[in-house]
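Worksheet: one structure, shown below.
Source: prediction; values computed, not measured.
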Amino acid sequence: MATGLEKMQQRNYVVLDVGKTLAKLSLWREDGVCLAQETRNNQILHNGSYQMLDVHGIDKWLAKILCQFANIGPICGIYPIAHGAAVAVIKDGKLAFDPIDYEWQFDGEIEAKYAELRGQFNETGSPRMENGLNMGLQLYYLKSQFAEHFGDGTQIMPWAQYWAWRLSGVSCTEISSLGAHTDLWSLQTNDYSKMAYETGIAKYFAPMRKAGEIVGTLSKEWCDKTNLCEEVKIYAGIHDSNAALYLTRNAMQNNANEFTIVSTGTWFVAMRATSAKIDMEKMANEAGVLFNIDIDGKKVPTALFMGGREIEILIESRNSRIDVSENQTKQLAATKQILDIGAFILPTATPGIGPFAGCQLQKINSPNCDDQYGALVAIYAALVTGHGLELIGANSTIIIEGRFSQSVVYCRAIASLMPDCKVYVCNEDANIALGVLKMMVKDVELTRELKPIEPLEIDLLAYRASFYEKVDNSLKQRS
């Protein structure tokens, strides 16, 4: 246990990661050692008008855990990370609206009117996504329904920057958060999109700041609630997938010009770091792909689907989880049986989302054995991931990280499906948090321990051909 003097000397940093399913708060020593971590399940709430994010519950939890962290040692900085499909509107220093949950289904008339306004893919790199996944639709709805709240004293902030504001009182916007399939940023002009200007939304956004900038210090309100000192620095914040990309870019060093990182959580997000020219017209015609914007404003070809959500839906209550250590050996041994019995899962368990958005979930020869079923689910997730990787042109190094990097079958299936790529797993805990620790502590030495992954000992390429054939037949039958 650290002595009082050691506690005074060590410098600690906090990372707040507000995901869709979980909120995480972690405490880091400046040398990259994680001292503590707490998580909270985010609730699905409804305020009478629409489905909302659990902003007030997260706020109370954050204050409680920061109090606990304050007892461990001095905290120098707090850095917020968040998903890219939420937005906060502030008026006169207070939340004007409860932030919308992106899984809320908007009225068809609102969606139709918005569809006429939003820009084309070649302008924004942002496809029309399910429900409220485009931040622009959320803001269009709020401005259409509650126009009286938009005027002098109104400011808009992406979700990560809301938490920076909440802690510091300083409002800002950041490019990677604004460029995450929002419809609000133009890749052509490196400015707000035409739609953002024409609807009047652009003028309300808080000033732009860099992801690594210190925007202020902890407010008196939060000092009083947490016993932290007013010298704690608050950073602008970042889009969560971009935090993983930033860390990997730093760790890749000389190989940073061409690699693809696959982050696995509620969403499976494949982001390709590349200096190659990308055919935007081709990407515009594919489902489940888009361009994210990195913290330097550069385009990042991205494929995504709700992999974690699909896996949860498919597993239900069966003893078939693919992300726990005790199931790995048994599921790996069961992969051959999947091929032998001709078992398939056809997409998708999350209708309207991902590269197979127009398809309907089907199970063919689904096994009763839990180990075989878990292996089938892992292979299914790999098939959808692999399809996305091909759509964005992944052709070199692939690094799998996050919760489902624990699945041996999933990772080895990716290696089988991408035979021309070198596939690695990074099993570090809280690696997104490590990415932003690097922003707060510039000289911290962070390397990624990459474990090379071998393909499965089955013919998964032939299985994939059958998978595609069955998907095509299913679509033809539906049409």
Distance (rounded to the nearest 0.5 Å) between W104 CH2 and L137 CG: 8.5 Å
Residue E326 excluded, over 12 heavy atoms near CD under 6.0 Å: yes
Side-chain (Q161) to main-chain (A236) donor-acceptor, under 3.5 angstrom: yes
Q120 atom CD: more than 12 heavy-atom contacts under 6.0 Å: no
Within 45° cone and under 6.0 Å: R29 NZ/CZ vs Y13 ring: no
Full working for side chain to side chain donor-acceptor pair (under 3.5 Å) between D98 and N47: CA-CA 8 Å; D98 299 315; N47 64 8; 3.0 Å; yes
The single option from I238, L437, D17, V14 passing side chain to side chain contact (heavy atoms under 4.5 Å, CB included) against Y79: I238
Side chain proximity check, Y246 to N242, heavy atoms < 4.5 angstrom: no
Candidate pair T21 and T266, rule side chain to side chain donor-acceptor pair (under 3.5 Å), full reasoning: CA-CA 7 Å; T21 305; T266 300; 2.6 Å; yes
Heavy-atom closest pair, residues I322 and Q331: CA-OE1, 3.7 Å
Ionic contact status for K330 with D370, cut-off 4.0 Å: no
Any donor-acceptor pair under 3.5 Å from Q328 side chain to V408 backbone: yes
Evaluation steps, side chain to side chain donor-acceptor pair (under 3.5 Å), between R321 and N327: CA-CA 7 Å; R321 282 185 57 182; N327 289 347; over 6 Å; no
Audit row: Y102, Q51, side chain to side chain donor-acceptor pair (under 3.5 Å) steps and yes/no: CA-CA 8 Å; Y102 66 68; Q51 192 167 299; over 6 Å; no
CD1 (I44) with more than 12 external heavy atoms under 6.0 Å: no
Aromatic ring proximity F268/Y410, centre distance under 6.0 Å: yes
Sidechain-backbone polar pair: S366 side chain, K363 backbone, donor-acceptor under 3.5 Å: no
M195 side chain reached by L184 side chain, heavy atoms, under 4.5 Å: yes
F344 and F467 aromatic centres sub-6.0 Å: no
Distance-only donor-acceptor check, side chains D183 and S126, under 3.5 Å: yes
Given Q362, E310, Q360, the one that forms side-chain hydrogen bond (donor to acceptor under 3.5 Å, both in side chains) with T348: E310
Centroid-centroid distance, F356 to H387, less than 6.0 Å: yes
K299, K298, E258 screened by side-chain hydrogen bond (donor to acceptor under 3.5 Å, both in side chains) with T274, the one that passes: E258
Close side-chain approach of V300 to L245, heavy-atom, < 4.5 Å: yes
Trace of the salt bridge (Lys or Arg N to Asp or Glu O under 4.0 Å) decision for E111 with R128: CA-CA 10 Å; E111 287 196 331; R128 175 68 187 104; 3.1 Å; yes
For Y235 against A164, the heavy-atom pair lying closest together: O-CB, 3.4 Å
Side-chain donor or acceptor of D420 paired with backbone N/O of N395 under 3.5 Å: no
